[in-house]
Amino acid sequence: MPDYHFMLQPRRSDEPELEWVAATDDEQAAALAELRLLMDDNFAAVSFEGMDGQVRRLQRDPVRLAVGRAHRPDV
């Protein structure tokens with residue numbers, strides 16, 4: 001099982017926190033990243049590098065979590 005490292009961005013600090021996670025693939029890592037944000041509202045965002053080298057970023061949104069791109073609410 002590959003190890004992923006999550007870079008957690010606290011809401012009230014510029015210093016990100018590193019957290020290691022074991023996941024079977026990028027999809028599971030993304031699900032764990034979303035769960036990590038939902039578990040603790042002290043974090044504004046989490047990012048990790050996928051097996052393909054692409055950085056994925058999830059950030060907290062007042063309406064929902066946005067995965068990989070900015071969320072624009074329907075107007």
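Residue numbers count from 1 along this sequence. Here the structure is a predicted model, which is why all the values come from computation and not from measurement.
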Review point. Just how far is it from atom CG of Leu35 to atom CG of Asp40, taken to the nearest 0.5 Å?
Key: 11.0 Å

Review point. Is it true that a side-chain atom of Gln54 and a backbone atom of Gly50 form a donor plus acceptor pair closer than 3.5 Å?
Key: no

Exercise for review: Find out whether Leu58 and Leu37 are in side-chain contact, i.e. whether some heavy atom of one side chain is under 4.5 Å from a heavy atom of the other.
Suggested key: yes

Check your understanding: Hey, what do you get for OH (Tyr4) to CG (Asp26), rounding to the nearest 0.5 Å?
Key -> 4.0 Å

Point to revise | Interatomic distance, Arg11 atom CZ to Gln9 atom CD [nearest 0.5 angstrom] | key: 11.0 Å

Review point. Are the side chains of Leu8 and Arg36 in touch, meaning some heavy atoms are under 4.5 Å apart?
Key: yes

Exercise for review: Output yes when a side-chain donor or acceptor of Arg56 lies under 3.5 Å from a complementary backbone atom of Ala30, and no otherwise.
Suggested key: no

Exercise for review: Indicate the atoms forming the closest heavy-atom contact of Ala23 with Leu32, along with that distance.
Suggested key: CB-CD1, 4.0 Å

Study note, to complete from the structure: Value for CG (Leu18) from NE2 (His5), rounded to nearest 0.5 Å, stands at 6.0 Å

Review point. What's the spacing between Arg60 CZ and Leu38 CG if we round to 0.5 Å?
Key: 6.5 Å

Point to revise | Distance-minimising heavy-atom pair for Ala29 and Phe6 | key: O-CZ, 3.4 Å

Check your understanding: Does some side-chain heavy atom of Glu15 sit less than 4.5 Å from a side-chain heavy atom of Pro10?
Key -> no

Review point. For the hydrophobic clusters of this structure (ILVMFWY residues joined by side-chain heavy atoms under 4.5 Å, transitively), does one cluster hold both Met7 and Phe43?
Key: no

